[in-house]
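Step one of this worksheet: look at the structure below.
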Amino acid sequence: MATADPERAGEPEQEQDVVKGRSPWRLGWERLRHDHVAMAAAVVIVLIGLAALLAGVVSDLISHPPDTQYREIGLSPAGVPQPPDSTFWFGTDGVGRDVFVRVLYGTRISLLVGIASSFGAVVLGTVIGMLAGFYGGAVDTLLARALDVILSMPFLLFGVALAAVLGPSLWLVVGVIVFFTLAAVGRIVRGQTLSIREREYVEAARSLGASNRRIMFTEILPNVLAPVLVYASLLVPIAIIFSASLSFLGLGVPPGTPAWGVMLREAIDYYTVAPWLFAFPGGALLLTTLAFNLLGDGVRDALDPKASRLGRAG
Amino acid sequence: MTAEEAAHERDRQDTETLLRLENVYKHFHVRGTGWFGRGGSYVHAVDGVSLDVRAGETLGLVGETGCGKSTLARCVARLHDVTDGSIVFQGRDITRLPARKMRPVRQDIQMIFQDPYGSLNPRRRVGSIIGDPFAIHGTESRRARRLRVQELMELVGLNPEHYNRFPADFSGGQRQRIGIARALALRPKMIICDEPISALDVSIQAQIINLLADLQDELGLTYVFIAHDLSVVQHVSDRIAVMYLGQVVELAPTDELMNRPRHPYTNALLSAIPVADPDRAEQRERVVLAGDMPSPISPPEGCRFHPRCPKAAPYCVENVPLLEPRLGDRDDHVASCHFPVAEGEDIALESPSIDESHRAAGAGPPPHTEGTSGHGHG
Amino acid sequence: MLRFVIRRTLYGVLVIWVISVVVFVLFFVAPRNVARKLAGRQADMSAVEAIREDLGLNRPLLEQYGDFLWGLLQGDLGYSYYSDEPVTDKILDALPISVSLAAGAAVIWVVLGVSIGVLSALRPRTIADRAATTFALFFYSMPTFLLGLLLLYFLFYQLHLVGIDWFPAATYVPLTEDVGQWARHLILPWITLALVLTGTYIRLTRGSMLDALGEDYIRTARSKGITESRVTVRHALRGGITPVVTQFGIDFGTLVGGVLITEQVFGLQGLGYIAVTSVVQGDLPVVIGVVMVASAFTVVASIVVDFSYAVLDPRVRLT
């Protein structure tokens, strides 16, 4: 066998990194970087993220805590909310709270629900789909059927019912979204795994004596990740809309929380006299979902141009 | 004496034998269309194959697509569990070794795959792909691994500096070299080459063949070389086994097989090799087989080749030919045919003497065979 | 084909059965506080016990499930805890509203979605296509309740202020009474629901049409000199419509089972509305009834989708 060149053995690593290949991820990123719309959306998302992080700081700065009711200066003598002015940039709500601060705080809940639930759904869905597709047989039948059942359940209705049974809470909302969306992720991953399982590189790994776990993690997972990532990025706005809808029905985040859905529900009583009550949280909500959808589309085009399009029911 | 001890005994006598296959069967279950998938059938992919592979040789395994050669290779590499029969490697029965005990054996049996595009994970760097065997068997430290991988890359003629590239950055031939490097990593005794060059450009094929030959000399490897025609195999093999519908129909040293092919199927394969010399090409009659290969779900009765054989006779329909020396051949040249082809005989001119009426009637044994009873295969 | 139908139907029944178990476990096993809630905050233990007794909540679980399933099989969903009305009656009252809402909206979103999708697929990357894509993405990103509130504010309230009452809200006129009034009262909810879903359909149609137009058989059809409109309609649309049909089946099935948000915003007392109300009240039999009926619609829709899939796409093997 040829012996290694002693000089090369001692060579510093940079030398070899010059000919480092660009990974498919990197190629995808480069495509995404040239997608102006997606990059603009990403900037908006970063700003929304900053708003979420700095909500507390801003609230301190203008010394308007989100839950303080300014009954004296925030409401008209007749008890009607104040329109936007220099003190209350987005006006006040029915009990005299600062809408601007509350909208800022609302970004926290929306981002948290959106990201946490799409992360949860992706992790669980990937694990389930990979196990079902990889092992096949009875495991597959059981898991695939379970996913079928989940997909046959009316999503929103079950969410509403569950919220009623278990009481409204943020984590329940996340749990419900995870439960109903992991089935879709699971299906995609299962299908992908079924086809990747038959590839020769999986056989090659097996012939080397690789364990099932190693095959799943090093051979299959990197190849199912692209469609999953695309799905995950499109799942974020779905989760945000869903949680806002539950809150709007009074069954999501507990009432009184500064969440956009809750604020919009509270706005209904005043919609003839105080349209800013739904203009600002509604606008923030729409801006957020639009930004995520635009970025998600960009990610799909960059990573997986043939990925399936999503549907949604209202 | 148990079967395993008997196998040991035999191998002590014949120390050269690296791999012995005895009556290997592999049937795949096909789901039926009935309720709950009942009424399924079986694909007889490998149907009673016995073969020896000697240390240091190259055994060619030839047959049309679907004849079971790749399945056989995957059974040997234990990618499939065999339905019946045994696989003895270095005197040890590995047929049903559990995965854990099989792992050390895998170091000695490696595989090179047909599709250089499909056999490398597109999302992993080649350095990590070639280093896989070390990672799986934990044989080298992380630092040493990189050096070993670069040695291997150099050995198979790749630029070791391309360690960090992805398979997509390489051409087909280079990818096949990556596959070879991976197979060599653990210094195996035997490599199963599953049509390693059939997906490559003709100009690249010779390079890979030469590389494999050089590596065999350098490292003392044993090859099982699979191909769908004889043109490549004849140059690399010491012996050649011809497979048809899950069975070996002829096995002989390469020269012997090329000069005195006994089975009509081997003759047909031989006549399909392109000949460079136009004068010789002119003289040769191409043997054209009738019809397609029958379904391996319900292989034909008697001799499996009879529906397509130019020499088929009613006797062939009912009697299974044994794999044994024919027409006074040496012991190492065996064929399974009731009417073996004699030297100088041109079977392109013959036509089968069977039709529906003969099928039912059956006939006596042919005069010039050694009276094989021909029931129960091999 | 018959075997496929039977098998698919049996499987649907199985799914519904599993859902019934899930529903039962969820609502009968999990909450121990239903009786307490019904009895009121100040009630003492004996009052709570009495209610549990009355509702049969103190019996063994399996027995309760048996009753529940037996009732289900006979189409008997029990009685509302609140109004003592049979749940079946409540559902039958609400169903026409949900169906009217879903069906009317479906017409709009399918016509709008498919035609815009086809047009933008035929002229990709033109200004019209970009406008359509933006329109689709905008409404796809729009929460239903937000759009509903916007329409209410501008098309109902603002018009009302200037004395134009074209679009009345918050009432339902049965179809059998007055078709014109029925449609007029439903027009805002229809637009809301339809616009939110149109986005999905434009994207879906455009995508699969573009895929289909790139296929070899389309090129063959063109090379045979078939007119472009014929190519579009006969060949590409037929090949590209399958995912749209699938999506439609799923959406429609889900919507008939209750358009929760739209009904809530516009105060239409359909299945979704009574579901939300009963959930808030803790009226379990009604909640369970609606959930079961809605699930049944979803399952039936998925079966119908599978059948139509087989009819539309001859490549699908019926096994």
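In the text below, chain A, chain B and the rest are named by the order of the sequence lines, each starting its count at 1.
Minimum interatomic distance between C:V265 and A:F248 (heavy atoms only, all atoms of both residues): CG2-CE2, 3.7 Å. Nearest heavy atoms, C:S141 versus A:N293: OG-ND2, 2.7 Å. Nearest heavy-atom pair across C:T298 and A:P154 is OG1-CG, 4.0 Å. When every heavy atom of A:L251 is checked against every heavy atom of C:V276, the shortest pair comes out as CD1-CG1, 4.4 Å.
Here the straight-line distance linking atom CG of A:L246 with atom CD1 of C:I261 works out to 7.5 Å at 0.5 Å rounding. Taking CG of A:L156 as the start and OG1 of C:T254 as the end, the distance is 10.0 Å to the nearest 0.5 Å. Atom CG of residue C:L146 and atom CZ of residue A:F278 lie 8.0 Å apart, to the nearest 0.5 angstrom. Expressed to the nearest 0.5 Å, how far CG of A:D148 lies from OG of C:S302 amounts to 8.0 Å.
For a residue to count as touching a neighbouring chain, one of its non-hydrogen atoms must lie under 4.5 Å from one of that chain's; by this rule C:F297 does not touch chain A. Heavy atoms of A:L290 lying under 4.5 Å from chain C belong to its backbone as well as its side chain. Contact of C:S295 with chain A is made through backbone and side chain together, with heavy-atom distances under 4.5 Å. Interface remark: C:L137 contributes backbone and side-chain atoms alike to the contact with chain A (heavy atom separation under 4.5 Å). Of the two parts of A:F292, neither the backbone nor the side chain holds a non-hydrogen atom closer than 4.5 Å to a non-hydrogen atom of chain C. Of the two parts of C:Y157, only the side chain, counted from C-beta on, holds a non-hydrogen atom closer than 4.5 Å to a non-hydrogen atom of chain A. When heavy atoms are compared at a cutoff of 4.5 Å, C:V291 approaches chain A by way of both its backbone and its side chain. In this structure, the portion of A:I268 lying under 4.5 Å from any heavy atom of chain C is its side chain and not its backbone.
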I'd like to know whether A:T289 forms a side chain to side chain contact (heavy atoms under 4.5 Å, CB included) with C:Y140, so could you lay out the CA-CA distance, the side-chain angles of the two residues, the decisive distance to 0.1 Å, and finally the verdict. CA-CA 9 Å; A:T289 54; C:Y140 177 77; over 6 Å; no

For the pair A:M153 and C:V22, evaluate side chain to side chain contact (heavy atoms under 4.5 Å, CB included) and give the outcome as yes or no after the intermediate values. CA-CA 10 Å; A:M153 293 174 160; C:V22 173; 3.7 Å; yes

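Counting heavy-atom pairs closer than 4.5 Å to chain C, the top residue among A:A244, A:P237, A:A291 is A:A244. Residue with the most contacts toward chain C among A:G261, A:S245, A:G250: A:S245 (heavy-atom pairs, distance under 4.5 Å).
Judged by the 6.0 Å distance and 45° axis criteria, A:R265 is not positioned over the aromatic ring of C:F145.
Environment of CD1 in C:I127: sparse, with no more than 12 heavy atoms of neighbouring residues, nucleotides or ligands closer than 6.0 Å.
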